[in-house]
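Below, each value reflects all heavy atoms present in this structure, side chains not excepted, and no hydrogens, waters or symmetry copies. So that the names make sense, note that chain A is the first sequence line, chain B the second, and so on, each numbered from 1.
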Amino acid sequence: MVNILLVSHSVEIAEGTKELAEQMKQGEVEIAAVGGTEAGELGTNPDAIKSAVNEIDKSDGLIILADLGSAVMSVNMVLDWLDDEVRAKIQLADAPFVEGAVIAAVESGMGNSMEEILSSIESAEIIKKN
Amino acid sequence: MVNILLVSHSVEIAEGTKELAEQMKQGEVEIAAVGGTEAGELGTNPDAIKSAVNEIDKSDGLIILADLGSAVMSVNMVLDWLDDEVRAKIQLADAPFVEGAVIAAVESGMGNSMEEILSSIESAEIIKKN
Amino acid sequence: MTEKSKEILDKLADVIIENKKHLTKLDSAIGDGDHGINMARGFKEVKEKINGNNYETNQELLKSVAMTLISTVGGASGPLYGTAFLYISKVIPDADFTIDSLIEIGQSAVDGIQKRGKAEQGEKTMLDAIIPAVDALKESKENGDDLEEALQKCKVKAEEGMKATIPMQATKGRASYLGERSIGHQDPGATSSYLMIKTIVDELYKYKD
Amino acid sequence: MTEKSKEILDKLADVIIENKKHLTKLDSAIGDGDHGINMARGFKEVKEKINGNNYETNQELLKSVAMTLISTVGGASGPLYGTAFLYISKVIPDADFTIDSLIEIGQSAVDGIQKRGKAEQGEKTMLDAIIPAVDALKESKENGDDLEEALQKCKVKAEEGMKATIPMQATKGRASYLGERSIGHQDPGATSSYLMIKTIVDELYKYKD
Ligand SMILES: Nc1ncnc2c1ncn2[C@@H]1O[C@H](COP(=O)(O)OP(=O)(O)O)[C@@H](O)[C@H]1O
Ligand SMILES: Nc1ncnc2c1ncn2[C@@H]1O[C@H](COP(=O)(O)OP(=O)(O)O)[C@@H](O)[C@H]1O
Ligand SMILES: [Mg+2]
Ligand SMILES: [Mg+2]
Ligand SMILES: [Mg+2]
Ligand SMILES: [Mg+2]
């Protein structure tokens with residue numbers, strides 16, 4: 001199954017989104033959450049992102065969701081450090097953080113492929129609320 | 001200034017997003033956050049939403065961001081209970097929760113109108129991360 | 001005047017609470033696995049609320065049920081059932097129920113749910129149990145069925161409607177996130193709606209003479 | 001061999017730490033008000049790290065600075081400056097600096113920052129202080145300026161570049177959220193970059209004979 005890594009500037013947003021997405025998952029989808037700086041402030045911690053990327057199972061693919069630009073920058077840096085083979089398993093999604101996490105959890109649980117999940121969560125439709 | 005109300009299924013997501021958005025605000029933008037059920041579980045609490053809507057200053061407009069469908073339903077119910085005059089000051093945004101909150105906080109702080117802010121946060125561009 | 005309605009609501013609450021696990025299990029398959037928890041929490045509060053208060057009219061009683069559900073359920077079913085009971089409170093008579101008043105009550109529930117959820121029949125929601133039940137009452141009125149017969153048909157149609165959600169694909173609510181994978185599962189909301197209709201019918205039966 | 005570089009970096013860290021409030025204030029106007037906090041935290045760690053360790057080569061020293069910044073800064077400037085120092089570490093010689101090696105160092109910083117942030121000159125970022133400084137060195141090389149002259153011009157151009165961010169509209173980073181309202185404010189990252197360049201130049205001056 002495609003696993004999911006959530007990278008937010010806020011540990012609360014990261015953990016809360018993990019909890020919300022896990023409620024919807026079927027099967028063995030793994031969801032990891034990283035948020036805030038080492039000191040617990042708002043920001044990103046590349047070391048923590050690196051550990052999370054290393055620890056999570058990437059064999060069927062890994063989708064990373066990041067909240068804002070500097071989280072994206074930290075994630076991309078960590079991804080650049082990986083071997084090409086591992087790197088090829090991972091995609092950083094152009095998707096809204098909370099909404100993307102929930103839909104990705106549902107679709108991964110259904111056994112959808114990385115491409116199928118990305119096409120759902122990267123669609124403009126996902127931000128419609130009514 | 002246009003104020004902002006965040007309604008999430010998760011108190012952590014609501015509070016974390018408030019903190020993240022407040023970091024970016026200039027001036028007197030008010031940001032309120034409501035999350036979870038009364039019992040602290042994932043869900044929505046219409047009474048808490050109602051109190052938050054009543055308490056926040058709506059004179060220059062109020063934008064509400066909700067995370068998922070049932071939060072939207074709870075918000076719409078609360079809005080239906082309001083007088084037309086108050087109701088007219090409020091818009092529930094078709095926008096991503098975290099990303100929309102940050103941009104709305106910035107733009108409201110700049111003195112942008114409700115329509116200007118909504119057109120920014122309801123644009124598909126907002127979910128692009130790279 | 002409200003004693004009979006209170007008894008029916010109390011029984012209805014018991015049935016929902018008894019089915020907590022069943023409803024939650026159904027919601028685990030195509031949702032977030034909390035429908036039974038939500039509904040049992042809400043109806044536990046309803047029991048306490050109505051048994052601890054006196055109401056002059058059924059309208060007051062039903063409004064109190066509605067507000068309690070809205071405040072305590074926590075899921076989509078809170079605003080949905082809450083608005084249904086709120087709409088019912090506006091039409092419910094204090095006199096004994098007739099086919100006509102039951103139709104009006106049923107239709108109000110449907111209107112309330114549609115006001116909140118904007119769903120139609122066939123979208124795999126609670127409406128798929130309730131709309132057929134209300135339609136059955138309307139048909140019975142046209143056919144000139146007596147109340148007993150009408151209630152019986154109403155319950156059967158609600159159950160059929162609930163089961164008919166199994167092959168449906170959800171297009172509203174969390175189950176819609178599953179797309180085609182929502183097919184093959186019975187909708188939790190349609191199930192709680194059937195349980196409520198069944199209980200109301202069975203209770204009205206008791207008083208039928 | 002690394003003592004001179006260590007001293008320069010130690011001084012550079014001091015300057016950043018001294019300017020914590022100034023940088024934070026600039027970031028409050030067009031960002032989230034943490035650039036000084038981020039940079040001071042990072043360079044405090046850099047001081048501890050480099051003063052508590054021995055390095056065989058400037059390459060090792062600079063790599064250590066880079067990794068410390070990446071781990072501790074917490075904002076966009078962490079990956080950006082971190083990658084800059086990482087790229088510098090790949091080209092920095094252990095011999096005394098020449099105009100040629102300074103150009104290579106400066107160009108590596110630019111390359112690293114662009115690799116991470118994909119910004120061009122004129123987008124109101126740290127690059128708007130650094131690129132003119134590197135360009136000045138390149139011009140000095142063409143003109144045949146001596147090192148002293150080249151360093152002096154480099155510092156002047158960095159300062160001009162920093163000030164030139166005031167009328168710019170930000171199109172990268174958090175300040176870009178402000179659109180036109182980012183105009184009229186000096187970029188915090190360009191300011192920290194100028195401070196670093198100034199410090200390096202002043203320190204190199206000390207050793208010039
Ligand atoms: N838009 C809607 N209209 C009618 N019923 C709906 C709608 N959305 C969801 N439902 C019903 O609500 C049920 C789920 O309720 P519940 O689990 O309590 O809420 P949540 O989905 O917020 O966890 C579904 O099984 C469905 O019958
Ligand atoms: N894409 C980018 N390329 C180059 N520099 C950038 C980029 N994005 C931001 N910056 C620089 O980073 C500075 C802000 O750093 P900092 O406040 O530490 O990070 P954050 O914005 O994450 O809080 C800006 O003033 C700008 O100079
Ligand atoms: Mg549910
Ligand atoms: Mg729920
Ligand atoms: Mg900042
Ligand atoms: Mg920051």
Worksheet item: Of the backbone (N, CA, C, O) and the side chain (C-beta and beyond), which part of C/Lys115 lies under 4.5 Å from a heavy atom of chain B, both, or neither?
Response: side chain
Practice prompt. Please determine, by modelled atom types, if C/Ser192 and C/His35 share a side-chain donor-acceptor pair under 3.5 angstrom.
Written response: yes
Discussion item. Using heavy-atom distances under 4.5 Å, tell me whether C/Thr83 contacts chain B through its side chain, its backbone, both, or neither.
Written reply: side chain
Worksheet item: Is a side-chain donor-acceptor pair under 3.5 Å present for C/Glu45 with C/Thr72?
Response: no
Worksheet item: Is it true that the side chains of C/Tyr55 and C/Ser5 contain a donor and an acceptor less than 3.5 Å apart?
Response: no
Worksheet entry | Contact winner vs chain B - C/Pro79, C/Ser176, C/Gly117, heavy-atom pairs under 4.5 Å | C/Pro79
Fill in: Which portion of B/Asn76 sits near chain C, non-hydrogen atoms under 4.5 angstrom
both
Item to complete: Classify the side-chain pair C/Thr191/C/Gln186 by whether it contains a donor and acceptor separated by less than 3.5 Å.
Response: yes
